[in-house]
Engineer: 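Here it is: the structure, laid out below.
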Amino acid sequence: MGSDQVVQGHCDPAFRGVREAFEAQFAQGRNLGASVAVFAGGRPVVDLWGGIADARTGRAWEHDTPCLAFSCTKAVTAAAALLLAERGEVALDRPVTDWWPEFGAHGKEGVTGEHLLTHRAGLPAFDRPVSAEEAADPAAMAGLLAGQAPEWAPDDGHGYHALTYGWLAGEIVRRTAGMPVGEFVRREFTPGLWIGTPPEVMARAARLSATGRPPAGAADPQAGEHSGADLLTRLAEAYLDPESLLNRALHNPSASYNKPVVLRGGWPAAGMVATARDLAAFYDALIGGRILRKETLAEGVRERVRGADKVLLVESAFGLGFMRPAMTFMTPSAGRSTAFGHTGAGGGIGLGDPEKGLAVAFIPNQMGGGMAGDRRSYELVKAAYAAAA
């Protein structure tokens, strides 16, 4: 079957390059199933899907097939916290202990809400094994983190809180709004972003298909091109060491992301199930001022940290929960880009660019080879930018 038969949906002729890139990925065997969507100037211009949703049964990917988006979830959780701050319900520049007194244990009294959102809290990993069943209880997860000593002080740098981010930033929402992140997102943003997947959505969701362990140095589409031998050596050592901060952060809780206990658990850092259409619509609403005021968004995406990531080891950059262009979030015009968003370990991406008026999302079920996004997402984003130029 040719790639033109695999891919279905709508594509504005001006954005045919996105369709061509998407079809090429299928033709080259780099996608099992996936969806991609683009908004330009507030208008949906690309809504494509194709391939196989479940390799075990051969079930086709349909227009309404959602899929786990991994860390693309973090941007949605961050937006929820920013909305509450915009409403004056929480002050992110104040100590976390103002609204979470227990968090101050072990010298964490000076950690602020902004530190939680910028991966500076020093709590990138749990200090004991956590089961998937435990992870479904956000209060228990927050309690574990509140009782831990930090790995570093906020002023000593940043490090990717791959999973713990959700129960730290998510606690801003849970304690302020009185509900889990997933419920808040469905009420305030859209019902199509599932952080805590119900059975009827789980039944039509795509099933992930692994392609193997990410290779050292593959934190982004071009990491090998920009990383020196010393960095590659340290990445390889970190992957091979089960006690490295990298492995502790990425793999605890440890569970198959296809399991219902994980999907319904609503992990607010990596558990969102969505279609690319709904994720792109979320970013379009963000840059259009329909979720946050534009000044709130501008402050939220303003770069707060950049540099060598204590966990990922490569360069990363963050606003308040949103990735900014760096080795972990590649954009075609990184040096001057106003793009923000978040990549996901499966290879996906959610991106908004206020200057270009673009919103892009890509969600695959064939796992990519990088810790945060991969070349597939970069190719599609590049094609969208080229069409919008």
Side-chain angles (χ1 to χ4, degrees), residues 71-72 74-75 77-78 81-82 92-93 107-108 110-125 150-166 168-169 214-239 241 244-250 269 298-345 349 351 353 370-374 377-378:
S71 286
C72 296
K74 290 182 176 68
T77 297
L82 288 169
L92 297 177
D93 59 350
K108 302 195 297 295
V111 176
T112 68
E114 290 189 3
H115 292 145
L116 299 187
L117 291 171
T118 54
H119 300 267
R120 285 186 286 172
L123 297 167
E151 299 277 348
W152 65 82
D155 292 338
D156 290 341
H158 71 284
Y160 191 54
H161 289 48
L163 297 173
T164 58
Y165 177 94
L168 292 169
D220 69 274
Q222 299 176 9
E225 299 171 20
H226 295 283
S227 301
D230 178 64
L231 175 57
L232 293 176
T233 298
R234 287 189 290 121
L235 279 166
E237 290 172 348
Y239 270 115
D241 179 5
S244 71
L245 199 53
L246 176 68
N247 275 321
R248 289 169 51 214
L250 293 177
E299 184 65 11
V301 305
R302 178 171 64 84
E303 186 177 298
R304 309 302 175 95
V305 296
R306 173 179 293 275
D309 190 292
K310 288 179 176 291
V311 175
L312 300 179
L313 302 182
V314 300
E315 179 199 49
S316 64
F318 294 94
L320 295 179
F322 299 109
M323 282 182 163
R324 296 305 314 277
M327 291 181 70
T328 50
F329 186 70
M330 301 295 292
T331 65
S333 52
R336 58 188 183 278
S337 178
T338 60
F340 68 95
H342 218 289
T343 52
I349 194 170
L351 175 149
D353 191 328
M371 291 180 286
D374 65 19
S377 61
Y378 180 77

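Residue indices begin at 1 and follow the sequence shown. Keep in mind it's a predicted model, so treat the numbers as computed, not measured.
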Engineer: May I ask you to decide whether Glu299 forms a salt bridge with Arg302, counting only side-chain N to carboxylate O separations under 4.0 Å?
Structural biologist: yes

Engineer: Do you know the tightest heavy-atom contact between Leu320 and Ala78?
Structural biologist: O-CB, 3.5 Å

Engineer: When the ring planes of His342 and His119 are compared, do they come out parallel, tilted or perpendicular, using 30° and 60° as the limits?
Structural biologist: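 Tilted, since the angle between the ring planes falls between 30° and 60°.
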
Engineer: Ignoring hydrogens and geometry, is there a side-chain-to-backbone donor-acceptor pair from Asp309 to Glu315 under 3.5 Å?
Structural biologist: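 Checking the backbone N and O of Glu315 against the side chain of Asp309, no donor-acceptor pair under 3.5 Å is found.
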
Engineer: Which heavy atom of Thr328 sits nearest a heavy atom of Ser316, and at what distance?
Structural biologist: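 In this case the closest contact between Thr328 and Ser316 is OG1-CB, 3.6 Å.
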
Engineer: Quick check: closest heavy atoms across Leu117 and Tyr165, and the distance to 0.1 Å?
Structural biologist: CD2-OH, 3.4 Å

Engineer: Is the closest side-chain donor-acceptor distance between Thr118 and His158 under 3.5 Å?
Structural biologist: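 Thr118 vs His158: no donor-acceptor pair found between side chains.
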
Engineer: Testing the basics here: between His161 and Leu168, what is the closest heavy-atom pair and its distance to 0.1 Å?
Structural biologist: CD2-CD1, 3.7 Å

Engineer: Just by modelled atom types, is the Asp156 backbone N or O under 3.5 Å from a matching donor or acceptor in the Lys310 side chain?
Structural biologist: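 Checking the backbone N and O of Asp156 against the side chain of Lys310, a donor-acceptor pair under 3.5 Å is found.
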
Engineer: Checking the side chain of Thr77 only, and the main-chain atoms of Gly166 only, is there a donor and an acceptor separated by less than 3.5 Å?
Structural biologist: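 Flag not set: sc Thr77 to bb Gly166 has no pair under 3.5 Å.
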
Engineer: Taking only residues two or more places apart in sequence, or in another chain, which ones meet Phe340 in a ring-ring contact (aromatic ring centres under 6.0 Å, His included)?
Structural biologist: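 Only Tyr283, Phe322 meet the ring-ring contact (aromatic ring centres under 6.0 Å, His included) criterion with Phe340.
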
Engineer: Identify the two heavy atoms, one from Leu250 and one from Leu163, that lie closest to each other, and give their separation to 0.1 Å.
Structural biologist: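 In terms of heavy atoms, the two residues are closest at O-CD1, 3.7 Å.
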
Engineer: Keeping the roles fixed (side chain from Asp93, backbone from Glu114), state whether a donor-acceptor pair exists under 3.5 Å.
Structural biologist: no

Engineer: May I ask you to decide if Pro325's main-chain N or O and Arg306's side chain share a donor-acceptor pair within less than 3.5 Å?
Structural biologist: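 The answer is yes, because a donor-acceptor pair under 3.5 Å joins these two groups.
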
Engineer: Between Lys74 and Ala162, is there a donor-acceptor pair closer than 3.5 Å when you use the side chain of the first and the backbone of the second?
Structural biologist: yes

Engineer: With no hydrogens and no angle check, is any side-chain donor or acceptor of Arg324 less than 3.5 Å from a backbone partner on Ala339?
Structural biologist: yes

Engineer: With His115, which residues qualify under side chain to side chain donor-acceptor pair (under 3.5 Å), at least two apart?
Structural biologist: Thr112

Engineer: At their closest point, which heavy atom of Leu312 faces which heavy atom of Leu235, and how far apart are they?
Structural biologist: O-CD2, 3.4 Å

Engineer: At what distance, to the nearest 0.5 angstrom, does OH of Tyr378 lie from OG1 of Thr331?
Structural biologist: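 It is 7.5 Å, given to the nearest 0.5 Å.
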
Engineer: CG of Leu313 to OG of Ser244: how many Å apart, nearest 0.5 Å?
Structural biologist: 8.0 Å

Engineer: Can you check whether Glu303 reaches Phe318 side chain to side chain, under 4.5 Å on heavy atoms?
Structural biologist: no

Engineer: Look up atom CG in Leu92 and atom CG in Leu82, then write down how far apart they are to the nearest 0.5 Å.
Structural biologist: 6.5 Å

Engineer: Would you compute the distance between atom OG1 of Thr343 and atom CD1 of Ile349 and round it to the nearest 0.5 angstrom?
Structural biologist: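 Reported value, rounded in 0.5 Å steps: 6.5 Å.
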
Engineer: Let's go through Tyr160 and Ser71 carefully: what are the C-alpha distance in whole Å and the side-chain angles of both, what is the deciding distance for side chain to side chain donor-acceptor pair (under 3.5 Å) to 0.1 Å, and is it a yes or a no?
Structural biologist: CA-CA 11 Å; Tyr160 191 54; Ser71 286; 2.9 Å; yes

Engineer: At what distance, to the nearest 0.5 angstrom, does CG of Leu246 lie from CZ of Arg234?
Structural biologist: 11.5 Å

